[in-house]
Number of protein chains: 2
Amino acid sequence: MEGNKSFRIPQSDYPRIVIIGGGFAGVQMAKKFANKAVQVILFDRHNYHTFQPLLYQVATAGLEPDAIAGPLRKLLDNSKNIFFRMATVSQIYQDRNTVFTDKGTIEYDHLIIACGSKTNFFGNSDKFEKAFPLKQIPQALDLRSHILQNLEQAVLSSDEEEISKLLNIVIVGGGPTGVEVAGAFGELKKHVLPNDYPDLDLNQMNIYLVEGLPRLLSGMSDFANEKSQKYLKKFDVHVMLKTMVKSFDGDRVVFDNDDTLSTNTLVWAAGVMGNVILGLPEESVFKSRYKVDSFNKVLNTDNIYAVGDIAHMETEKFPKGHPMLAPVAMQQGENLANNLLNSFQNKPSKPFKYKDRGSMATIGRNKAVVDLPKNMHFGGFFAWFVWMFVHLVSIIGFRSKLVVLTNWIWNYFTYDRGTRLIIRPFLPSQLGNLKKQELGQK
Amino acid sequence: MEGNKSFRIPQSDYPRIVIIGGGFAGVQMAKKFANKAVQVILFDRHNYHTFQPLLYQVATAGLEPDAIAGPLRKLLDNSKNIFFRMATVSQIYQDRNTVFTDKGTIEYDHLIIACGSKTNFFGNSDKFEKAFPLKQIPQALDLRSHILQNLEQAVLSSDEEEISKLLNIVIVGGGPTGVEVAGAFGELKKHVLPNDYPDLDLNQMNIYLVEGLPRLLSGMSDFANEKSQKYLKKFDVHVMLKTMVKSFDGDRVVFDNDDTLSTNTLVWAAGVMGNVILGLPEESVFKSRYKVDSFNKVLNTDNIYAVGDIAHMETEKFPKGHPMLAPVAMQQGENLANNLLNSFQNKPSKPFKYKDRGSMATIGRNKAVVDLPKNMHFGGFFAWFVWMFVHLVSIIGFRSKLVVLTNWIWNYFTYDRGTRLIIRPFLPSQLGNLKKQELGQK
């Protein structure tokens, strides 16, 4: 294909594959395409891959970002045919085989959409502007600083109403993320904060996990639901089932029965939706995901594919589409990459078949739940150990594995959380003011 | 002393010591006062202590903040008579024995000012508003993201002028910080970036170290000066001596001979000045530092002390005041804490005497310079090893030592810099826009 000027991509005799998104699926595919007879351009708006399953540990002061973020250029170091470009894709022009980004346009032979999902406020994002979503690293860091600032502020207050507003934490969504965040805050309250804040009455800190359904972890077994509720109770987390939130103004939450609760911390873990890009026909989109066939090809297109959270693939086993999970994304990425490479050699393609290896959630030290295929379930210390092992193995990059492992060992034995730092950025504008202040102080 | 309402400090029969600042001196003293017959209130605007000597490694993607920042509450965990309060002190009312902060006021029996230094623009801060100072963690993170963003931008550009603006780095100030920053960027350019950016011509990246004096490391030996210049040359750093900068507008630097250089990165390491607080008589201040006697007592006061960078102590050996260095701060803190504890038992006080154990600077892997007392100097691998050992031992907190050590080992053997992540915060305002964008994309 011809070279590209905006992105300084050289001319190549190989077919050009453009991948949008460096998440689980995108990285998996780029690695598969490395040093093969294709030219690959990988776009992401960040210069790193985020290991989202551990994002909640950044938010709860257990890990620093480098533990769960891998620089994309490092991950693709040894592949001369893969070009990473930091850019945000804004539109797809199907009839011109072109994508538009904030940094320029580029033509493709094959386009793979792997841009994942974003926080879903179910049409009420204006009522939850002050909520803390938990999909990206800056959001996790923001939540960490917010919680710690609240604690420092609470130490200074003698107003009971203000103190409970500062200390209460409401988590919306009883899926794995909600359960893990709630458990991690419970652990902080029980094991870390009493040493740090001897002059604070931590009984005034209440952690609520709010879920609309009558159970937690709805994608998992009854065993996992019951066990996780039991574990959360041990960490003093109040589980509120069959409850919805109506609004949050930064000072109080309103529930669907019009009860209110005083808090300035509402963590939104209630759901995600596809990150659909402008340009493809409406009929190709179903509930903010691209409809794909069993080869991950988007409906009504010839050379456009979608994988992972953004793909809606209905099969006999998954009549409502596949779950939005990392293993699905990775397996779809691998299958699609193989199919494309095979097709260039006129070999046949294989339809995607999800291998479900089970699901799990951790609540805190020594406490997790694991569902395996064939109705096997277990909890407790062994589940927690399996959870850690599987996550360690899944993290991309040896350095991140090492950082996570040493942090976990440290946190486990010391009951410490080393990253409880309130780090707020200097903005250019603030910096100006700061300098003026400093000057004023002479 | 009576209790204090704004800070919820209980009543105590012991004298109350208020310490402003949790830097080297402040933490040293708080540890000395732990579980002694005093009540101590420690103020800091951050909730962590910063190990400033390694700040430059955060800016150059070698370390994450948790490596060099220790939560103050953790450092003071086991001392029931020490109360940490996150607040910024705005004024001292000497005649009322009171300090004013942004969170309330408090009375003291003894006041210790240990608030350190801040960036000194020598009256030209308006001409360097776009410069990157390097005194605090958010500044270091900002610089890290800025450099990496420039690199990503340069990959997309074919405009030679724009590329050199994006890649050039100018560091102002040839003291230890300037030398260490320049060396670290040189190392990045030589060992890390070639793998990451194969499509970038790194010869277009020029690193300049600008110093007004005819030499580098003016506080150190001639040997250190010569050796460090030699080492910097090996990392392709252009050392510009007898040169000053006049202004920087974010696009180009103007030098004192009216030469200009195209760059959007100017790191300001040219000097620091005391962080003087309003309220004490003008006669007690000399060049933005408090004049203190050899017991660190501020002139014209009875019960106010200053230690570390903020203290100007003239002695026979130091007729122009002591150097603004961490060892001075720690030793002054220790001596003052001992003197105060002794005075409560009517024991005599000892004047401060600085034990100079030498000074050093590192330029990069295997390259450092060390000056020891009695005119002993050495460089090379052994100096680099000593530099690392001394810094490791000096970092407060075992966890930070461990994090720094493992990162150093990793970085040394892999030539990797794991934290090259562009992490920009979400601001509440941006978050609003982001949500609107997401909604717009439906």
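These numbers come from the heavy atoms of this one structure, side chains and all, not from hydrogens, waters or symmetry mates. The structure displayed is predicted, hence computed values, not measured ones. So you know, we letter chains A, B, ... as the sequences are listed, proteins then strands, and number each from 1.
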| In terms of heavy-atom pairs under 4.5 Å with chain B, which of A:F7, A:Y48, A:W410 leads? | A:W410

| said: Would the distance check show the side chain of A:R85 and the main-chain N or O of B:L156 forming a donor-acceptor pair, the cut-off being under 3.5 Å? | reply: no

| request: May I ask you to decide whether B:K103 forms a salt bridge with A:E152, counting only side-chain N to carboxylate O separations under 4.0 Å? | output: no

| When you measure from the side chain of A:E64 to the backbone N and O of B:D66, does any donor-acceptor pair fall under 3.5 Å? | yes

| request: Please check if the side chain of A:N407 supplies one atom and the backbone of B:V403 the other of a donor-acceptor pair under 3.5 Å. | output: no

| query | Checking heavy atoms, do the side chain of B:S157, its backbone, both or neither come under 4.5 Å from chain A? | reply | backbone

| field | Donor-acceptor side-chain pairing of A:R399 and B:N411 below 3.5 angstrom | value | no

| Roughly how far, to the nearest 0.5 Å, is CZ of A:R420 from NZ of B:K74? | 6.0 Å

| query | Between CZ of B:F84 and CG of A:D196, what distance do you get to the nearest 0.5 Å? | reply | 10.0 Å

| Tell me, side chain or backbone of B:I422 under 4.5 Å from chain A's heavy atoms, or both, or neither? | both

| message | Below 4.5 Å, heavy-atom pairs only: which of A:N195, A:L76, A:L148 has the largest tally toward chain B? | response | A:N195

| Contacting moiety of B:L421, where chain A heavy atoms sit under 4.5 Å | both

| task | Check each atom of B:L402 against the heavy atoms of chain A and say whether the ones under 4.5 Å are side chain, backbone, both or neither. | result | side chain

| field | Main-chain N/O of A:V155 paired to B:R8 side chain as donor or acceptor, under 3.5 Å | value | yes

| field | Under 4.5 Å from a heavy atom of chain A, the part of B:F83 involved | value | side chain

